[in-house]
Amino acid sequence: MPTVGFGTYKLNGTSGANVIVQALQNGYRLLDAAVNYENEGTVGQAIARSFVPREEIFVTSKLPGRHHRYQEAITTIQESLFRMQLDYFDLYLIHWPNPKEDLYLEAWQALIDAQRFGLVRSIGVSNFLPEHLLRLKKATGVLPVVNQVELHPYWSQPEQRKFDQEHQIVTQAWSPLGRANAVLQEPVIKKIAQKHHKTVPQIILRWELQLGIGIIPKSSSTGRQKENLAVFDFDLSPEEVTQITNLDQANGRTKNQDPAIYQEF
């Protein structure tokens with residue numbers, strides 16, 4: 001799985017497909033989609049138009065909460081593939097655990113079987129807390145290979161990262177730049193950026209990489225797309241990594257979406 005991917009949220013229709021083709025031309029090889037983004041057709045069209053061989057593109061999509069029941073989940077994965085005009089997904093995730101509904105175990109069994117059927121190469125989850133992950137392991141003996149979570153300097157998730165690492169789960173950050181919130185104006189990060197002759201987003205993305213996190217930034221600008229990929233030619237010092245990590249806030253989530261209670265269908 002590429003360490004840096006391209007987020008496709010809100011990229012829809014012809015204009016969205018054009019942006020995704022541009023991202024592939026700029027060097028991205030991981031495309032992150034979801035049923036709830038309502039753009040799987042757009043992503044599939046971009047793949048078909050890009051002239052990049054399918055086997056070189058790592059494609060992710062996600063199961064919505066309304067389809068956690070076993071047979072619905074299997075059918076939804078098939079429908080996702082039909083919309084994208086693909087034979088398989090490289091990675092398929094449960095988008096949210098939706099603990100009040102308490103059907104995520106059923107959904108996880110469906111993903112296990114979808115992998116066995118050849119619909120999906122790897123299976124994972126998004127926004128799962130340690131308690132949810134332990135329940136998956138106890139019930140099925142199978143842990144996700146990826147846990148995609150909100151992660152940025154205001155919400156660095158040390159406990160979740162530690163748990164994932166101990167259980168050989170790759171932590172991947174959605175909203176790695178905090179949805180362009182106030183974190184981009186942080187003086188500490190600006191100072192580090194000036195020292196390295198890099199932009200603030202590049203410093204944040206490099207910080208996440210050095211924490212061992214996969215990242216999926218999104219941008220419609222070809223310049224920023226290239227910039228977000230140009231994060232492998234420098235290193236932050238341990239002190240700089242700590243300075244950024246110390247920006248963590250007790251309630252740093254961007255939209256207060258706590259997986260222990262949040263529901264998304």
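Atom set for the values below is all heavy atoms of this structure, side chains included, hydrogens, waters and symmetry mates excluded.
Counting only residues at least two apart or in different chains, ring pair (Phe, Tyr, Trp, His ring centres under 6.0 Å) contacts with residues 244-265 comprise Trp96-Tyr262.
Residues passing the side chain to side chain donor-acceptor pair (under 3.5 Å) test with Glu239 are Ser237, sequence neighbours excluded. In this view, Glu106 satisfies the side chain to side chain donor-acceptor pair (under 3.5 Å) rule with no residue, not counting sequence neighbours. Residues passing the salt bridge (charged side-chain N to carboxylate O under 4.0 Å, His left out) test with Lys162 are Glu166, sequence neighbours excluded. Arg66 pairs by the side chain to side chain donor-acceptor pair (under 3.5 Å) definition with Asn36, not counting sequence neighbours. Taking the side chain to side chain donor-acceptor pair (under 3.5 Å) definition, one finds that Ser221 meets it with nothing, sequence neighbours left out.
Following chains of ILVMFWY side-chain contacts shorter than 4.5 Å, one cannot reach Val35 starting from Tyr88, and the two form parts of different hydrophobic clusters. Taken together through direct or relayed side-chain contacts under 4.5 Å among Ile, Leu, Val, Met, Phe, Trp and Tyr, Trp155 and Trp207 form parts of separate hydrophobic clusters.
Look at Lys198 and Asp233 and you find a salt bridge, because one of the NZ, NE, NH1 or NH2 atoms lies within 4.0 Å of a carboxylate O, short of that distance. Note on Lys218 versus Asp32: no salt bridge recorded, every NZ/NE/NH1/NH2 to OD/OE distance being 4.0 Å or above. Remark: Arg116 engages Asp113 in a salt bridge, criterion side-chain N to carboxylate O under 4.0 Å. Electrostatic pairing of Lys195 and Glu240 counts as a salt bridge here, judged by a charged N lying under 4.0 Å from a carboxylate O.
Residues His132 and Tyr104 place their aromatic rings such that the two centres sit under 6.0 Å apart.
The environment of Phe51 atom CZ is sparse: at most 12 non-hydrogen atoms of other residues, nucleotides or ligands sit within 6.0 angstrom. Other residues, nucleotides and ligands place no more than 12 heavy atoms under 6.0 Å from the CD atom of Gln168. More than 12 heavy atoms of other residues, nucleotides or ligands shown are found within 6.0 angstrom of CZ on Arg253. The number of heavy-atom neighbours closer than 6.0 Å to CZ of Arg29, taken from other residues, nucleotides and ligands shown, is above 12.
You'll find the side chain of Tyr92 stays beyond 4.5 Å of the side chain of Lys62, heavy atoms only. You'll find the side chain of Pro99 reaches within 4.5 Å of the side chain of Gln263, heavy atoms only. The shortest distance between side-chain heavy atoms of Thr171 and Gln157 does not fall below 4.5 Å.
Remark: the backbone N or O of Ile215 is not paired with any side-chain donor or acceptor of Gln172 at under 3.5 angstrom.
Relative to the six-membered ring of Phe89, Arg121 misses at least one condition, a distance below 6.0 Å or an angle of at most 45° to the axis.
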